[in-house]
Amino acid sequence: MRSTQEEEPQDPQLVRLDNMLLAEGVAGPEKGGGAAAAVSAATSSGGMSPDSSLEHSDYKSKLSQIRTIYHTELEKYEQACSEFTTHVMNLLREQSRTRPVSPREIERMVAIIHRKFSSIQTQLKQSTCEAVMILRSRFLDARRKRRNFSKQATEILNEYFYSHLSNPYPSEEAKEELAKQCGITVSQVSNWFGNKRIRYKKNIGKFQEEANLYAMKTAIGATQSEESPHTPNSTGEMKTPSPVFRRDSTAPERTG
DNA sequence: ACTAATGATTATAG
DNA sequence: CTATAATCATTAGT
């Protein structure tokens, strides 16, 4: 016996599909009656914050829909497979009266049928995976629940940006400090500076007033007995606002 | 409703 | 991994 250890070839792609479906609870054991129960439960019991609760219930309901469709189709396929198999078996049996039909041939036929339906199932899994991915990216995308920062936070961030306009790249420590002051996360600070840099560079003219404003603010905060406020020229632009900041590597504050 | 501002994500490169 | 540039999706002003 060569003991063909084929068992189940299962290419890695299919395994990944299965894993993902399982992780998402689509292919796992049946839980709950369905979407309706989850939705009603979530809406009636306002335990969590209204936002996350509502969005999550919506997400779960759609996921449940996908799950139901997936299982229905899967059952249909299996039923069709077995029906077709018995049908073919009957045909073979009928043929065995006029032709010698070896049991091996029967096995091969059955194997072929199963392979075919297996590929169909894989397709179903793939499309289900796609649907889940789309659903995820649609509901778990933080862009959906974006909020503007508080005016104070933007003030602080702008102050830092315009007082470091020549090198607006805050170190990790500075980012943490800013995050703490603004009540946002470090990632949000990074996002803010990334957006600010590119948008400032792209359209310096738009930000001139802002730049002057904050420059003046910081100047006032820094100097107290320098000069009398005589407002030199309040008729037009003050001066050239640093054309383009260059990533100056004069501050390699790398500590980690 | 249309548009600008804005925060977050994606794609690409160093 | 970080920075940039483009793009997306929502908020807010008209």
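Proteins get letters first, then strands, A, B, ... in listed order; numbering begins at 1 in each.
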> When the distance from CD1 of Ile198(A) to P of dT10(B) is rounded to whole Å, what number comes out?
19 Å

> Establish whether the base of dT10(C) is bridged to the side chain of Arg143(A) by a donor-acceptor pair shorter than 3.5 Å.
no

> Can you find a donor-acceptor pair, distance only, under 3.5 Å between Asn195(A) side chain and dA8(B) base?
yes

> Taking atom types as they are modelled, is there a donor-acceptor pair under 3.5 Å from the base of dG7(B) to the side chain of Arg199(A)?
yes

> Which of the following nucleotides, dT11(C), dT9(B), dT4(C), is nearest to the side chain of Ala142(A)?
dT9(B)

> Can you tell whether the side chains of Glu94(A) and Arg99(A) come within less than 4.0 Å, N to carboxylate O?
no

> May I have the distance from Arg197(A) (atom CZ) to dA8(B) (atom P), rounded to whole angstrom?
15 Å

> 5'-most contact on DNA chain B: Asn191(A) or Lys151(A), nearest heavy atom basis?
Lys151(A)

> Taking NZ, NE, NH1 and NH2 as the nitrogens, is one of them in Glu105(A) or Arg108(A) under 4.0 Å from a carboxylate oxygen of the other?
no

> Using a cut-off of less than 4.0 Å, is there contact between a side-chain N or O of Lys145(A) and OP1 or OP2 of dG7(B)?
no

> Measure the distance from NZ on Lys206(A) to P on dA4(B) and round it to the nearest whole Å.
9 Å

> Compute whether any side-chain donor of one residue and acceptor of the other, for Glu130(A) and Gln126(A), lie under 3.5 angstrom apart.
no

> Would you mind telling me which residue lines up with the more 5' stretch of DNA chain C, Lys202(A) or Lys175(A), judged by nearest nucleotide?
Lys175(A)

> Please compare Phe193(A) and Asn148(A) by the position of their nearest nucleotide in DNA chain C and report the one closer to 5'.
Phe193(A)

> Between Gln188(A) and dA8(B), is there a contact of a side-chain N or O with OP1 or OP2 at under 4.0 Å?
yes

> dG7(B) P sits how many Å from Phe149(A) CZ, rounded?
5 Å

> Grab the CD1-C1' distance between Ile184(A) and dA8(B) for me, whole Å please.
12 Å

> Does a side-chain N or O from Arg147(A) land closer than 4.0 Å to OP1 or OP2 of dT11(C), or not?
yes

> In this structure, is the centre-to-centre distance between the rings of Tyr200(A) and Phe161(A) below 6.0 Å?
yes

> Rounded off to whole Å, could you give me the CG-to-C1' distance for the Asp141(A) and dG7(B) pair?
11 Å

> Below the 4.0 Å mark, does dT10(C) have OP1 or OP2 next to a side-chain nitrogen or oxygen of Arg144(A)?
yes

> Atom CG of Asn167(A) to atom P of dT2(C): distance rounded to whole Å?
17 Å

> Could you state the CG-P distance from Leu140(A) to dT10(B), rounded to the nearest angstrom?
11 Å

> Please determine, for the side chain of Lys201(A), which listed nucleotide (dT10(C), dA8(B), dT4(C)) has the closest atom?
dT4(C)

> Given the rule in the salt bridge (charged side-chain N to carboxylate O under 4.0 Å, His left out) test, do Glu73(A) and Lys76(A) qualify, once you have shown the distances and angles that lead to the verdict?
CA-CA 5 Å; Glu73(A) 293 293 305; Lys76(A) 257 203 291 188; 3.3 Å; yes

